[in-house]
Protein chains: 2
Amino acid sequence: MKTDIPAMNWVRTFEAAARLLNFSAAARELHMTQSAVSQQIKLLEHHLGDELFIRKHKKVTLTNSGLAYLPVVQTTLNDLQRKTADIFSPVGKGRLVLQVNYAFSYLWLSNNLYKFCARYPGIRLQLFHSNWASDFSESSHDLAIINGNGKWSGLNLEPLIKAEVQPLCSVKIAQLISQPKDLLSLSLIEVVGASHSWEQWFEQFGINLDPSLVICHKVDTILAASMMAESGLGVMLSYPDLFAKQYKEGKLSAPFDEKMPTSDNYFLVFPEGRPLSKSATVFRDWLREEMRVFLRLMT
Amino acid sequence: MKTDIPAMNWVRTFEAAARLLNFSAAARELHMTQSAVSQQIKLLEHHLGDELFIRKHKKVTLTNSGLAYLPVVQTTLNDLQRKTADIFSPVGKGRLVLQVNYAFSYLWLSNNLYKFCARYPGIRLQLFHSNWASDFSESSHDLAIINGNGKWSGLNLEPLIKAEVQPLCSVKIAQLISQPKDLLSLSLIEVVGASHSWEQWFEQFGINLDPSLVICHKVDTILAASMMAESGLGVMLSYPDLFAKQYKEGKLSAPFDEKMPTSDNYFLVFPEGRPLSKSATVFRDWLREEMRVFLRLMT
DNA sequence: CTATCGTAATAAGTATTGCTAATGGATGGG
DNA sequence: CCCATCCATTAGCAATACTTATTACGATAG
């Protein structure tokens, strides 16, 4: 085969013909004659140095190579079309692929995303959930929302909430607490992997935490921690901003006003060095504004 | 913009011009005249309904749209070229992307892959490690090697080793063991998520395992289990086939000959309903044959 | 068996597109 | 200031894409 890329029209003709398994039908779909289809496919086959179709008198079928090539061609054409449209179609149209942290999606986005959709009804959203830092060159999402310390290279970051944590628990449990050391007799919920810890929190009050003396549930996600805290299983140390709804509904309460800074935050993440698609820019701007309003209401 | 896909030559011309930021240089690279480049880019801009370059008398720069479009075009062209070559270039050429289970890669593949590379020097390998079942429609790998019970739909599966496990430990520890109940006084290493368990193993001998009475290390990967077993920290329950090398080198030993069937295995996984690329077929055949020889040597 | 329909291949001619050569305008370095 | 470099434009030629018309083949219905 020749090493250069086959012409777009050959490929598009092949796609239609392979999908329909009928040159005449492909010709109708592409608004050309059957003859043109026949010729283009012959040219493509010659270019690739391999047969794509088995011509059996009344119907054509795909060869093994053709069968293997069809999905390649389909995803390529589809990708190019979609991404081209994302960049060049007018603002408010197109698809937007987001990678979102589970907890942020459940605790904040689920309560607010409807506003974005109402404002930009032409933007079709596609949400993927993952808690891991994202590789924009590999994956095909436009934006990501990730929790972590923000030390990722090659990415643009915008912190979304205030980077401070405080003890949070059910209202019932909160009534049992009046001073920091009261916590020591309760179950503490620790999120493993977080850069803030109960140890640090107690340090603020001169209390040296002896890990063997406290009951400490360890969970690997903030979502699990919040569910345990809500159901009265213990006290968690987390971002008050994130639990506004639970706070308002009386499901969670903060026994102390003091907040402790942390180096973890939720970040809006997008690739560095190349501009965002229009839809992604629109979403970023919306999220910025929405978070600004949200955080102002918090104080 | 028009909704149909821009012609391949327009796109290719744009790619070169945008990369080099010089129409004349792009023309030289593509073996055409500067005039042709200028015209094609003008056509593409017209097609997309947007400017791609800012023409500043001596040099051109990319507009925001152009900047956003360049990576899209580059990955698309690259992908199409690579995948086309994978299908149509002669056997023994091309790239092969494998997703491999960590343990299988470390314990078996690392000792045998050199033979494949020696036999097919034209095939460039790309290995990704992951222990999770794979989605061929999303990801871009050709084959995967995964551990599990094989209950994944839409995938072709071929078991790679014998689906049986047996206790394995360091030679030193093995000398302390003569009958099954001797194990109860040692540390047992359990791989969480595996479908076989120590409980099942003891059941064979009519021993009811009381979890509270045995020291049980829990790990989440076979690799971690094997490292602990090798260093004499305890006994693990795993596939003897996988540890041939450790066995031969005296690092691991099997205190009992009896093997227990398990529903977990390592599987070679490939997509259903479409043929593999030539490189992938070659790899599959090589792996089959290599495993056949390997397993025969085992018995 | 034969007429007809649906399908693909081919040949020849036309239309479209792509490319070159030549030229002009603009700019910055020497 | 002049020359080199860069891009745009134009006109004309070359390549390609497409159409029309025709042939060939097989299935199916009469």
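Atoms considered below: every heavy atom in the structure, side chains included; atoms not considered: hydrogens, waters and symmetry mates. The sequence lines fix the lettering, A, B, ..., with proteins before strands; numbering per chain opens at 1. The shown structure was predicted, so the numbers you read here are calculated from the model rather than taken from an experiment.
In this entry the distance linking CG of Leu20(B) with P of dC7(D) reads 10 Å, nearest Å. For the pair Phe23(B) CZ and dA26(C) P, the interatomic distance rounds to 18 Å; values are reported in whole Å. Whole-Å rounding puts the Arg55(B) CZ to dA26(C) P distance at 16 Å. dA8(D) atom C1' lies 19 Å from atom NZ of Lys59(B), rounded to whole Å. If you measure from atom CD of Gln34(A) to atom P of dG6(C), you get 14 Å, rounded to the nearest angstrom. Rounded to whole Å, the distance from NE2 on His46(A) to C1' on dT16(D) is 15 Å. Distance Ile41(B) CD1 to dT9(D) P: 13 Å, rounded to the nearest Å. If you take CD of Glu45(B) and C1' of dC7(D), they are 12 Å apart, rounded to a whole angstrom.
Side-chain to base pairing of Gln39(B) with dT20(C): one donor and one acceptor N or O lie within less than 3.5 Å of each other. Interface remark: the Ser35(B) side chain does form a donor-acceptor pair with the dT9(D) base, using a distance-only criterion of under 3.5 Å.
At the heavy-atom level, Val37(B) lies nowhere under 4.0 Å from the strands shown.
Picking from dG18(C), dT20(C), dT10(C) the nucleotide with the shortest atom distance to the side chain of Asn9(B) gives dG18(C). Residue Lys42(B) places its side chain closer to dT9(D) than to any other of dT9(D), dT20(C), dC7(D). You'll find that the side chain of Asn22(A) is closest to dA8(C), out of dA8(C), dT19(D), dC7(D).
Nearest-nucleotide positions on DNA chain D for Ala36(A) and Ser24(B) put Ser24(B) closer to the 5' end. Looking at which nucleotide of DNA chain C each of Leu21(A) and Thr13(B) is closest to, the 5′-most match is held by Leu21(A).
Under the 30°/60° scheme for interplanar angles, the aromatic rings of Tyr266(A) and Phe104(A) are found to be tilted.
A distance of 11.5 Å separates CD in Glu158(A) from CG in Asn265(A), rounded to the nearest 0.5 Å.
The ring-ring contact (aromatic ring centres under 6.0 Å, His included) test applied to Trp286(B) returns Phe116(B), Phe283(B), not counting sequence neighbours.
The pair Lys83(B)-Asp86(B) does not count as a salt bridge, with every side-chain nitrogen at least 4.0 angstrom from each carboxylate oxygen.
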Requested in this report: For salt bridge (Lys or Arg N to Asp or Glu O under 4.0 Å), just list the numbers for Arg12(B) and Glu15(B), CA-CA rounded to whole Å, side-chain angles, deciding distance to a tenth of an Å, and then say yes or no.
Outcome: CA-CA 5 Å; Arg12(B) 198 177 38 223; Glu15(B) 193 279 331; over 6 Å; no
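In this model, the phosphate group of dA17(D) is approached by a side-chain N or O of Trp10(A) to a distance below 4.0 Å at OP1 or OP2.
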